[in-house]
Amino acid sequence: MKGTASRGSRLNFGDYGLIALESSWITARQIEAARVSIIRYIGEGGEVWIRIFPYKSITKKPLDTRMGKGKGEVAFWVAPVQRGRILFELGGVKESEAKEAFSMASHKLPIKTKIISSKDECILL
């Protein structure tokens with residue numbers, strides 16, 4: 001997954017966004033953990049938009065299985081994320097709340113991230 005994202009790299013819904021600074025796979029569990037941490041922090045005050053979806057299945061064969069015998073079962077689902085892709089957006093909250101919520105969410109993700117706002121959106125990666 002080389003290069004930067006051409007799609008999904010601008011804020012469309014909210015005032016603040018969490019942008020990926022590295023390319024990687026993000027599992028459905030990691031996305032859900034980040035979403036829960038954002039919602040727990042902001043409470044009922046704002047809206048959250050998840051801009052990535054885990055559509056790629058990753059399969060694994062059971063341990064102690066010999067070569068051959070077909071493909072393994074689906075183990076988990078991932079969202080391939082390129083550098084520059086917006087992961088989450090927040091709206092209807094103060095800037096300090098958005099920064100704290102996104103910093104908590106970034107600890108749940110396996111990549112480096114950056115917080116952007118609609119004011120300073122023209123960031124070149």
* Roughly how far, to the nearest 0.5 Å, is the NZ atom of K112 from the CD1 atom of I19? -> 15.0 Å
* Might you work through the side-chain contact (heavy atoms from CB on, under 4.5 Å) test for L87 and I111, ending with a clear yes or no? => CA-CA 11 Å; L87 308 174; I111 58 175; 4.2 Å; yes
* Smallest separation among heavy atoms of I31 and P54, with atom names -> CD1-CD, 4.0 Å
* To the nearest 0.5 Å, what is the distance between CD1 (I58) and CD (E73)? -> 14.5 Å
* Residues in side chain to side chain contact (heavy atoms under 4.5 Å, CB included) with S106, at least two apart? -> T113
* To do: Could you tell me which residues satisfy side chain to side chain contact (heavy atoms under 4.5 Å, CB included) with T59, sequence neighbours excluded, listed by chain and number?
  => K71, V74
* With sequence neighbours excluded, tell me which residues meet side-chain hydrogen bond (donor to acceptor under 3.5 Å, both in side chains) with E89. => R51
* Taking all non-hydrogen atoms of both residues into account, name the closest pair between K2 and Q82 and its distance. => O-NE2, 2.9 Å
* Please identify each residue that fulfils salt bridge (charged side-chain N to carboxylate O under 4.0 Å, His left out) with E32, with sequence neighbours left out. => R35
* Structure fact -> Between the OG atom in S23 and the CZ atom in R85, the distance rounded to the nearest 0.5 Å is 12.0 Å
* Structure fact -> Sequence neighbours excluded, the answer for side-chain hydrogen bond (donor to acceptor under 3.5 Å, both in side chains) partners of R29 is none
* **side chain to side chain contact (heavy atoms under 4.5 Å, CB included) against S96, all qualifying residues, sequence neighbours excluded** => K94
* **Residues clustered with V36, ILVMFWY side-chain links under 4.5 angstrom** => none
* Specify the closest pair of heavy atoms between I115 and S103, including all atoms of both residues, with the distance to one decimal. => CD1-N, 4.3 Å
* Asked: Between T4 and R83, is there a donor-acceptor pair closer than 3.5 Å when you use the side chain of the first and the backbone of the second?
  -> no
* Got a sec, which residues hit salt bridge (charged side-chain N to carboxylate O under 4.0 Å, His left out) with K56, two or more places apart in sequence or on another chain? -> none
* Structure fact -> To the nearest 0.5 Å, atom OG of S118 lies from atom CG of N12 at 11.5 Å
* Roughly how far, to the nearest 0.5 Å, is CD of E97 from OH of Y41? -> 6.0 Å
* Asked: Has the side chain of K61 got a donor or acceptor atom that lies under 3.5 Å from a matching backbone atom of G70?
  -> yes
* Structure fact -> Sequence neighbours excluded, the answer for side-chain hydrogen bond (donor to acceptor under 3.5 Å, both in side chains) partners of T27 is Q30
* Structure fact -> For Y55, the side chain to side chain contact (heavy atoms under 4.5 Å, CB included) test, sequence neighbours excluded, returns F53, P80
* Provide the closest heavy-atom pair for A105 versus S37 in the form atom of the first, atom of the second, distance. => CA-OG, 3.5 Å
* With rounding to the nearest 0.5 Å, note down the distance linking CD1 in I52 to CG in L18. => 9.0 Å
* Structure fact -> Tightest non-hydrogen contact, residues G92 and D15, listed as N-OD2, 3.9 Å
* Report the C-alpha distance between R40 and M104 in whole Å, list the side-chain angles of each, state the deciding distance to 0.1 Å, and finish with yes or no for side-chain contact (heavy atoms from CB on, under 4.5 Å). => CA-CA 10 Å; R40 280 195 181 151; M104 288 180 170; over 6 Å; no
* Asked: How close do G84 and S9 get, heavy atom to heavy atom, and via which atoms?
  -> O-CB, 3.3 Å
* Asked: Quick one: ring-ring contact (aromatic ring centres under 6.0 Å, His included) pairs with a partner in residues 88-109, sequence neighbours left out?
  -> none
* To do: Please name all residues satisfying ring-ring contact (aromatic ring centres under 6.0 Å, His included) with W49, sequence neighbours left out, ordered by chain then number.
  => F13
